[in-house]
Student: 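Take this structure first; my questions come after.
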Amino acid sequence: MKESPQDQSLHARLEASKFSAGGFLGEDHRTVDEIIVDDERTLDELGVTQEQIADALQEALGKAKAAYGNEVEIRPGVTALFYESMGRIPSPFRGEGVFEKGEAEIKNSSGQSLRVSPLSIHLIRLHGFFQGKGSAYRVEPRDAVAMMIG
């Protein structure tokens, strides 16, 4: 799929930079639109919305942050631990402000894990952007549904 100049500019902001060392795309060679459409298709198959996943992840992040460095149970078989980090990171989508750093690692009893930050949850909620495959903060929709909603 050919990208417009605006899409090319967004794609460049999603690559590794001084704000996001690993970038938002990982080793994914698809366009941003292709990533979003593929993940949207998965959500449709599962009967879940991006808002439902974002709400569940936001709740887990909030519980983990409130536990002050202690692991906390999110639901049976799912725990989360918050890692504090100083500073803020801007959204790669222009005009959306900056988001506090810090992340929660959410794990289930099978050993699967998700890393989420306030920005990654925002990108899922507003854009349906779960990030590219290989990105440190890629949230696989199937895994998120299984762990958080499922």
Side-chain angles (χ1 to χ4, degrees), residues 9-43 46-150:
S9 176
L10 173 61
H11 196 278
R13 291 191 306 276
L14 290 168
E15 292 177 345
S17 71
K18 66 181 179 182
F19 297 111
S20 175
F24 299 87
L25 298 172
E27 66 249 1
D28 207 321
H29 298 292
R30 298 174 293 169
T31 66
V32 175
D33 285 341
E34 289 169 333
I35 294 168
I36 291 171
V37 167
D38 285 349
D39 289 338
E40 187 176 83
R41 195 174 299 122
T42 299
L43 294 179
L46 298 171
V48 176
T49 67
Q50 65 200 46
E51 291 84 6
Q52 288 173 298
I53 292 176
D55 287 347
L57 293 172
Q58 185 67 54
E59 182 179 347
L61 179 79
K63 285 181 179 181
K65 190 173 181 181
Y68 300 106
N70 296 302
E71 192 170 71
V72 63
E73 184 175 71
I74 302 303
R75 56 184 294 197
V78 178
T79 61
L81 181 61
F82 187 77
Y83 298 94
E84 186 124 11
S85 208
M86 299 297 288
R88 299 177 123 9
I89 183 170
S91 172
F93 291 81
R94 295 236 190 254
E96 294 182 358
V98 295
F99 296 81
E100 81 177 296
K101 289 188 174 183
E103 64 187 53
E105 182 178 19
I106 304 167
K107 295 186 208 175
N108 69 13
S109 54
S110 301
Q112 288 179 300
S113 67
L114 306 169
R115 279 174 64 185
V116 296
S117 68
L119 177 56
S120 62
I121 294 169
H122 167 80
L123 295 175
I124 291 169
R125 181 183 309 283
L126 194 61
H127 302 284
F129 183 59
F130 289 76
Q131 302 192 38
K133 295 194 185 285
S135 168
Y137 293 94
R138 165 74 181 169
V139 174
E140 286 294 340
R142 283 188 197 285
D143 294 346
V145 169
M147 289 174 67
M148 305 304 300
I149 297 172

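What you see is a predicted model, and the numbers here were worked out from it, not measured in a lab. Reckoned from all heavy atoms, side chains included, excluding hydrogens, waters and symmetry mates.
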Student: Which pair of heavy atoms, one from Q50 and one from R125, lies closest together, and at what distance?
Tutor: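 Minimum heavy-atom separation between Q50 and R125: NE2-O, 3.0 Å.
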
Student: For residues P141 and L43, report the shortest heavy-atom separation together with the two atoms involved.
Tutor: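 Result for this residue pair: CB-CD2, 3.8 Å.
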
Student: Might you point out which heavy atoms bring R115 and V139 nearest each other, and give the distance in Å?
Tutor: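 Answer, listing the atom of R115 first, then V139: O-CG2, 4.1 Å.
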
Student: Measure across P90 and V98 and return the closest heavy-atom pair with its distance rounded to 0.1 Å.
Tutor: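 Scanning both residues completely, I find the closest heavy atoms to be CA-CG1, 3.8 Å.
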
Student: How long is the straight-line distance from OG1 of T79 back to CD1 of I74, given to the nearest 0.5 Å?
Tutor: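 These two atoms lie 7.5 Å from each other.
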
Student: Would you name the heavy atoms of A104 and A64 that are closest together and state the gap between them?
Tutor: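 Residues A104 and A64, closest heavy atoms: CB-CB, 4.2 Å.
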
Student: Sequence neighbours left out, what pairs pass salt bridge (charged side-chain N to carboxylate O under 4.0 Å, His left out) with at least one residue falling in residues 72-85?
Tutor: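 Every pair satisfying salt bridge (charged side-chain N to carboxylate O under 4.0 Å, His left out) with a residue in residues 72-85: there are none.
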
Student: What residue among E27, E34, E140 forms salt bridge (charged side-chain N to carboxylate O under 4.0 Å, His left out) with K133?
Tutor: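 One option only clears the test, and that one is E140.
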
Student: Which pairs pass ring pair (Phe, Tyr, Trp, His ring centres under 6.0 Å) with one or both residues in residues 111-140, sequence neighbours excluded?
Tutor: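 Pairs touching residues 111-140 that pass the test: F93-H127, F99-H122.
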
Student: Would you say NZ of K63 has more than 12 non-hydrogen atoms from neighbouring residues, nucleotides or ligands within 6.0 angstrom?
Tutor: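 More than 12 heavy atoms, drawn from other residues, nucleotides or ligands, come within 6.0 Å of this atom.
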
Student: Strictly distance-based, threshold 3.5 Å: is any side-chain N or O of R138 a donor or acceptor partner for the main-chain N or O of Q131?
Tutor: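 Answer holds: yes.
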
Student: Drop me the distance from I124's CD1 to I53's CD1, to the nearest 0.5 angstrom.
Tutor: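 Here the interatomic distance stands at 7.0 Å.
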
Student: How many angstroms lie between CG in L61 and OG in S120, if you round to the nearest 0.5 Å?
Tutor: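 Answer rounded to 0.5 Å: 8.0 Å.
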
Student: Does L25 offer a backbone N or O that forms a donor-acceptor pair with the side chain of D28 under 3.5 Å?
Tutor: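 A pair under 3.5 Å: no.
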
Student: Which pairs would a plain distance check flag for residues 143-150, meaning a side-chain donor or acceptor within less than 3.5 Å of a matching protein atom at least two apart in sequence or in another chain?
Tutor:
| from | atom 1 | to | atom 2 | distance (Å) |
| --- | --- | --- | --- | --- |
| D143 | OD1 | Q112 | NE2 | 3.2 |

Student: In Å, rounded to the nearest 0.5 Å, how long is the span from CG of D38 to CZ of R30?
Tutor: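 Answer rounded to 0.5 Å: 4.5 Å.
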
Student: How long is the straight-line distance from OG1 of T49 back to CD of E40, given to the nearest 0.5 Å?
Tutor: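 It comes to 11.0 Å.
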
Student: Quick one: OG on S113 to CG on L81, what's the gap to the nearest 0.5 Å?
Tutor: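 Separation between the atoms: 11.5 Å.
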
Student: I need the minimum non-hydrogen distance between A80 and I106, along with the two atoms involved.
Tutor: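 Nearest heavy atoms, A80 then I106: CB-CG1, 4.0 Å.
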
